[in-house]
Amino acid sequence: MTEDKKPYVKPLPVPNMESEPFWSALKEHRLQVQQCKSCSKHYFYPRSHCPFCYSGDVEWVGCSGKGKVHTFSVIRQNMAPGFREEAPYVVAMVELDEGGVQMMTNIVECEPGDVSIGMPVQVTFEDVTDEVTLPKFKPA
Amino acid sequence: MSPSSLYKQGAIVGAYEYPSRSMPDKTAVQVQAECLVKALDEAGLSLKDMDGLCSTRIPGMQPISFAEYLGVYPTYMEATQIGGSSFVLYLIRAMEAIAAGRARVVGIAYGSLPTTEGRRIGTGTRIGGAGGEVPVEYSFEEPWGLPLIGTYALCAQRHMHQYGTKPEQLAEVGVTMRRHAGLNPYAKYRDPIGVDDVLNSRLICDPLHLLDCCIISDGGGAVVVAHPDIARNAKTKPVWLLGSGEAAMHSSSGHRDFTVSAAAQSGPIAFKESGVSHQDVDFAMIYDAFSINVIMTLEDLGFCKKGEGGAFVEDGRIGLGGQLPVNPDGGGLSSCHPGMRGMFLLVEATRQLRGDFAGTDRQVPNAKVAAVHGIGGFYGTRHSGVTVILTSE
């Protein structure tokens, strides 16, 4: 939690029945994604079936939180509230060690100019509100 | 040559682009209607001849609200919203409808006034639209603050990393479009620029500079598609559909190749159906939302190998007089971009194939075959691609 009590104005996730386990695990500072028990593929975002073989036999698997930057951009202009004041900041696709599955995130705790493709990163959990924790990544 | 089953089943008989890029004295639907009437008029047709109507995005229940404004009662309607490529899709749908006997004259129209309305495109939040519903996937994107331009930047960054594509090569696209815009009296920005101007313009979302990004302008346009019996008697030279393809590209469930766009699917389908080879193509109309689109689309459509798009756009190859002129009107990077540019790809392709600019430097000499590729949406997250191959013969 940030020390000041300024209201959080950035968009928040809207969990649904299929994605709720992802968001509730984050509240406990655990990162988990889904893996198909039939074809072994990891996939993201969460859903009730495997989008590769269409099996419904899927499970949640805990992640090490380790990965690398697959691609990224330093965002220098975003007029949306919350982001406008923060720019420049980094949005990246991080490739998790678990099956190379990609997820969007922010790279934090480093200068935007120090981020590069292939850079090893580690998850860090940011409790942005009492209800929501976001997974961000920092240099490993 | 064994073109599409839709070849000569319908023709583009009218094409019109609103000449101004700032219309503070008009409404968007008014611009859209004026463009449609002009496009019908040049073919010798009027609203009463039109039985099919396609439009999207203008506030209201489309295309019915637009039909109401015009005072018409279409028996064929299309308003599928897949972003800026929607109008290219409507061209295919119109040809299909005419071939199936469901319509005789189909109007496709667009008008949008972001300059006048002070609307930002590309640097605001991407959530929006009717009803305030939040799509499932947005929970995994919106919290991170990726604007539209950023989705294209993710592709550009990966392309540069994987294939060594240089900022100078991206810049070359904008430089070429500006040179073309200098030949178009209606283009919004016409003063020549160089590679250094692009590289010295401010970064918006790395690696994309301001001059790698399409402009924001007011604009409007329309095309009219008609049955061959009507095309034969029209005042204009008909333009025919040789082949077409559609594609949806998305996150691939967390396994996306960011260097490949939807054109890699729609392009081969369209080319195979058309029966023409890449050497037969006289010019291309490519939705240049950002410089990276042109480079990746040229690769994905097969004009060069994957990874060689950066080198392909160098040495004047995509300029007028080059091997494959791209966007002779100046494109979205310099001429006209009111939000969904697909319409203007069709208008310029039609006018070039008819030889409307004969005697000027803007005319592609002996233009007989055009490859047109529309993009809609957000390149690095989810987008549409629609390819059509058009001919005057």
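Naming convention: chains lettered A, B, ... in sequence-line order (proteins, then strands); numbering from 1 in each chain. Keep in mind that this is a model prediction, so the values were computed, not measured.
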Return the option, out of V74(A), V101(A), N16(A), L12(A), with the maximum number of heavy-atom pairs under 4.5 Å with chain B.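 Between V74(A), V101(A), N16(A), L12(A), the count favours V74(A).
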
[Y] versus [X], side-chain donor and acceptor atoms under 3.5 Å:
{"X": "E246(B)", "Y": "S384(B)", "value": "no"}
{"X": "Q81(B)", "Y": "T56(B)", "value": "yes"}
{"X": "T259(B)", "Y": "R158(B)", "value": "no"}

Counting only non-hydrogen atoms closer than 4.5 Å, can you tell me which residues of [range] sit against chain B?
{"range": "residues 88-97 of chain A", "answer": "Y89(A), V91(A), M93(A)"}
{"range": "residues 20-34 of chain A", "answer": "F22(A), W23(A)"}
{"range": "residues 45-57 of chain A", "answer": "Y45(A), P46(A), R47(A), P51(A), F52(A)"}

If we only count heavy atoms from C-beta on, is the [X] to [Y] side-chain gap below 4.5 Å?
{"X": "Q77(A)", "Y": "C205(B)", "value": "no"}
{"X": "L333(B)", "Y": "N327(B)", "value": "no"}
{"X": "R21(B)", "Y": "D218(B)", "value": "no"}

If you count heavy-atom pairs under 4.5 Å with chain A, which of P207(B), G380(B), P143(B), G145(B) comes out on top?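 Top option by heavy-atom pairs under 4.5 Å: G145(B).
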
Ion pair R119(B)/E117(B), N-O distance below 4.0 Å: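 E117(B) and R119(B): salt-bridged.
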
Looking at S201(B) and L210(B), what are the two nearest heavy atoms and their distance?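 It is OG-N, 3.5 Å.
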
Taking all atoms of both residues into account, what is the closest heavy-atom pair of F137(A) and G65(A), and its distance?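 Closest pair (atom of F137(A), atom of G65(A), distance): CE2-O, 3.6 Å.
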
Region of R256(B) that comes under 4.5 Å of a non-hydrogen atom in chain A: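 Looking at R256(B), backbone and side chain both touch chain A.
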
Below 6.0 angstrom between ring centroids: does that apply to H159(B) and Y152(B)?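 No; Y152(B) has its ring centre 6.0 Å or more from that of H159(B).
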
Partner residues of K138(A) under the side chain to side chain donor-acceptor pair (under 3.5 Å) criterion, sequence neighbours left out: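 Partners of K138(A) under the side chain to side chain donor-acceptor pair (under 3.5 Å) test: none.
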
Donor-acceptor check, side chain of [X] to backbone of [Y], threshold 3.5 angstrom: yes or no?
{"X": "R84(A)", "Y": "M79(A)", "value": "yes"}
{"X": "S266(B)", "Y": "A247(B)", "value": "no"}
{"X": "R76(A)", "Y": "A87(A)", "value": "no"}

Let me know if F72(A) has heavy atoms under 4.5 Å from chain B in its side chain, its backbone, both or neither.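 Both backbone and side chain.
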
